[in-house]
Amino acid sequence: MIVIASDHGGYALKQELMAHLKEKGVEFEDIGTYSEASCNYPEYAERAARGVAEGKYEKGILVCGTGIGMSLAANKIPGIRCALLSDVMSARLTREHNDTNMMALGAAVTGEMLALEIVDVWLDTEFSHAERHQRRIDKVMAYEHD
């Protein structure tokens, strides 16, 4: 199961993403926000990221106006590798090379059709398990302990 969250700026796109995920049969939990009323994105990013880091969810999708704030907040949680995505190639490579467990989208930056394609590619792409990629991930994750 994956988790999906947004702030007010990403709410409308999150609704479209959830309809798409449901149509594809992808299990997800929406942890908010539940309206376009102004809210604080770090609260939703943290809740989703902690759920992924603790193993409650396999992966997470975050949406805000630019995706920047949500990705920054999520990456503060130990164990999270959240990529801000705006193109399909990056969606594929961040899974193959970086084994990202979360992704962020900017609703004001990325159109709906492209966002749906990015999510599909990101969810459908497996980590390569290449030694060189794992070695680099291990180095990055070690920074959490320095």
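Each residue takes its place number in the sequence, starting with 1.
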Is there a path of hydrophobic side-chain contacts, each under 4.5 Å between heavy atoms of I/L/V/M/F/W/Y residues, joining V121 to L93? no

Is there a path of hydrophobic side-chain contacts, each under 4.5 Å between heavy atoms of I/L/V/M/F/W/Y residues, joining L62 to M18? no

Please check if the number of heavy atoms outside E131 that lie under 6.0 Å from its CD is greater than 12. yes

For G10, does its backbone N or O pair with a side-chain atom of D7 as donor and acceptor, under 3.5 Å? yes

Check this for me, if you would: do R47 and E43 make a salt bridge, where the nitrogen-to-carboxylate-oxygen distance has to be below 4.0 angstrom? no

Side-chain donor/acceptor of T94 to backbone N/O of A91, under 3.5 Å: no

Would the distance check show the side chain of S128 and the main-chain N or O of E96 forming a donor-acceptor pair, the cut-off being under 3.5 Å? yes

When rounded to the nearest 0.5 angstrom, what is the spacing between OG1 in T125 and NE2 in H97? 10.5 Å

V63 with Y11, same ILVMFWY side-chain cluster at under 4.5 Å: no

Would you check if the side chain of D87 reaches a backbone N or O of M89 as a donor-acceptor pair within less than 3.5 Å? yes

Option passing side chain to side chain contact (heavy atoms under 4.5 Å, CB included) with Y57 (candidates M102, R50, E27, E29): E29

K56 side chain to V3 main-chain N or O, any donor-acceptor pair under 3.5 Å? no

Do side-chain atoms of N98 reach the backbone of T100 as a donor and acceptor pair under 3.5 angstrom? no

Test item: E144 side-chain N/O and G79 main-chain N/O as donor-acceptor pair under 3.5 Å: yes

If you measure from NZ on K14 to CZ on F28, what distance do you get to the nearest 0.5 Å? 9.5 Å

Taking every heavy atom of C39 against every heavy atom of Y44, the minimum-distance pair comes out as SG-CE1, 3.7 Å

Interatomic distance, L85 atom CG to R95 atom CZ [nearest 0.5 angstrom]: 11.0 Å

Would the number of heavy atoms belonging to other residues, nucleotides or ligands and lying under 6.0 Å from CZ of R135 be above 12? yes

Indicate yes or no for a side-chain donor-acceptor contact from N101 to the backbone of R81 under 3.5 Å, with no hydrogens or angles considered. yes

Provide the closest heavy-atom pair for S71 versus L84 in the form atom of the first, atom of the second, distance. OG-CB, 4.0 Å

